[in-house]
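Some notes on the structure that comes next.
Note that the numbering runs from 1 along the sequence shown for the chain.
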Amino acid sequence: MQKARHEQSRRTWCTPWAELEALRKLVSPSGDTLATSGQKLEQPAVEALGLSKREQDELIAKLGPAEKPDFELDMTQAKPPTTSPSG
């Protein structure tokens, strides 16, 4: 039980670090730009950083193509301001 609790605790802080470490192996800052290393990280290399298969799959999904969010305000949804009872 104690070992399982320790493993869960380690995972909590290890996952974000391991994800960043994987990205650092592929991309590095160069002045005010980002440069690629041109290499691939195969599953064993990513696993060696501490990411489980599930975490690897989640990271790959996060970095995959995504639709650009639309932050345009929809004025048809606007509501008039409410006044407070005191004023």
Examine Leu41 and Leu20 and state if one hydrophobic cluster contains both, with Ile, Leu, Val, Met, Phe, Trp and Tyr joined whenever side-chain heavy atoms are less than 4.5 Å apart. no
Quick test of your reading: applying side chain to side chain donor-acceptor pair (under 3.5 Å), list the pairs with at least one residue in residues 56-66, sequence neighbours left out, ordered by first then second residue. Glu19-Lys62, Lys53-Asp57, Arg54-Glu58
May I have all residue pairs that pass side chain to side chain donor-acceptor pair (under 3.5 Å) and include part of residues 29-48, sequence neighbours excluded? none
Under the side chain to side chain contact (heavy atoms under 4.5 Å, CB included) test, residues paired with Leu23 that sit two or more places apart: Leu63
Spell out, yes or no, whether Leu34 and Leu26 are grouped together once hydrophobic residues are joined by side-chain heavy atoms under 4.5 Å, including indirect joins. yes
With Glu21 via side chain to side chain contact (heavy atoms under 4.5 Å, CB included) - residues at least two apart: Trp17, Arg24, Leu49
Each residue besides Met75 in its hydrophobic cluster should be listed here, by chain and number; the cluster joins Ile, Leu, Val, Met, Phe, Trp and Tyr at side-chain heavy-atom distances under 4.5 Å. Leu73
With sequence neighbours excluded, give me every side chain to side chain donor-acceptor pair (under 3.5 Å) pair touching residues 64-75. Asp74-Thr76
